[in-house]
Amino acid sequence: MTKMIQVNLDVQNVDQNEAQEWANEIVNVYADMEVANVNVSGNKIAFQAGFSGMDDTTSDDIQQKIEEYATMTEIFQINKISCS
């Protein structure tokens with residue numbers, strides 16, 4: 001079973017379609033990551049993320065991958081990342 005962690009991003013200068021694609025593209029960069037329930041609203045991006053088949057994933061595990069991915073892509077400015 002995959003444990004899903006809620007990810008919330010406060011961003012600037014984000015296009016809704018680009019943000020949706022950005023969140024969904026994570027699974028192509030990290031083959032073992034799953035993303036669900038992507039919601040882009042104003043300057044906020046929210047989704048659930050987890051690692052396939054892992055039930056012991058922590059918020060810190062997900063936050064590390066999101067930060068790494070954000071550094072690689074840099075299509076918009078992220079002010080804050082929270083994972084819970």
Side-chain angles (χ1 to χ4, degrees):
M1 181 175 176
T2 301
K3 178 179 177 182
M4 300 298 275
I5 304 291
Q6 182 64 40
V7 178
N8 296 300
L9 307 173
D10 291 334
V11 298
Q12 286 183 356
N13 303 325
V14 65
D15 174 88
Q16 189 166 3
N17 291 331
E18 283 182 350
Q20 184 85 26
E21 288 179 31
W22 180 88
N24 288 318
E25 187 66 21
I26 295 171
V27 299
N28 293 325
V29 174
Y30 302 107
D32 60 342
M33 187 172 271
E34 295 179 19
V35 171
N37 303 320
V38 178
N39 183 13
V40 180
S41 177
N43 288 331
K44 303 213 181 285
I45 303 169
F47 56 93
Q48 294 177 321
F51 297 110
S52 299
M54 303 276 295
D55 61 357
D56 61 349
T57 302
T58 67
S59 297
D60 289 340
D61 296 334
I62 297 297
Q63 184 153 347
Q64 178 185 8
K65 291 296 184 187
I66 298 300
E67 289 172 351
E68 183 178 85
Y69 179 62
T71 300
M72 287 189 292
T73 55
E74 294 185 359
I75 64 169
F76 46 80
Q77 182 177 343
I78 299 175
N79 297 328
K80 182 180 176 186
I81 300 173
S82 65
C83 300
S84 57

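- Residues meeting the side-chain contact (heavy atoms from CB on, under 4.5 Å) test with Ser52, sequence neighbours left out: Glu34.
- Between Met54 atom CE and Asp61 atom CG the span is 7.5 Å, to the nearest 0.5 Å.
- Shown here are the side-chain contact (heavy atoms from CB on, under 4.5 Å) partners of Gln64, two or more places apart in sequence or in another chain: there are none.
- With sequence neighbours left out, Lys44 forms a salt bridge (charged side-chain N to carboxylate O under 4.0 Å, His left out) with Asp10.
- Checked against side-chain hydrogen bond (donor to acceptor under 3.5 Å, both in side chains), Asn17 has no partners two or more places apart in sequence or in another chain.
- Residues meeting the side-chain hydrogen bond (donor to acceptor under 3.5 Å, both in side chains) test with Ser59, sequence neighbours left out: none.
- Separation of atoms CD (Gln12) and CD1 (Ile78) is listed at 11.0 Å; rounding is to 0.5 Å.
- Minimum heavy-atom separation, Ile26 to Met33: CG2-SD, 3.0 Å.
- Applying the side-chain contact (heavy atoms from CB on, under 4.5 Å) test to Asn37 and every residue at least two apart in sequence or in another chain returns Gln48.
- Residues satisfying the ring pair (Phe, Tyr, Trp, His ring centres under 6.0 Å) test with Tyr30, not counting sequence neighbours, are none.
- Side-chain contact between Trp22 and Val14 is absent, with no heavy-atom pair separated by less than 4.5 Å.
- With sequence neighbours excluded, no residue forms a salt bridge (charged side-chain N to carboxylate O under 4.0 Å, His left out) with Asp15.
- Identified under the salt bridge (Lys or Arg N to Asp or Glu O under 4.0 Å) test for residues 74-84, with sequence neighbours left out: none.
- For the atom pair SG of Cys83 and CG of Leu9, the computed distance is 7.5 Å after rounding to the nearest 0.5 Å.
- Glu21 is linked by a side-chain hydrogen bond (donor to acceptor under 3.5 Å, both in side chains) to nothing, counting only residues two or more places apart in sequence or in another chain.
- Nearest heavy-atom pair, Asn13 versus Phe76, reported as atom, atom and distance to 0.1 Å: O-CB, 3.7 Å.
- With sequence neighbours excluded, the residues that form a side-chain hydrogen bond (donor to acceptor under 3.5 Å, both in side chains) with Asn79 are Gln77.
- Remark: Glu67 engages Gln63, Ile81 in a side-chain contact (heavy atoms from CB on, under 4.5 Å) (not counting sequence neighbours).
- Atom CD1 of Ile62 is separated from atom CD of Gln6 by 11.5 Å, given to the nearest 0.5 angstrom.
- For the pair Phe47/Ile66, a side-chain contact is recorded, criterion being any heavy-atom separation below 4.5 Å from C-beta on.
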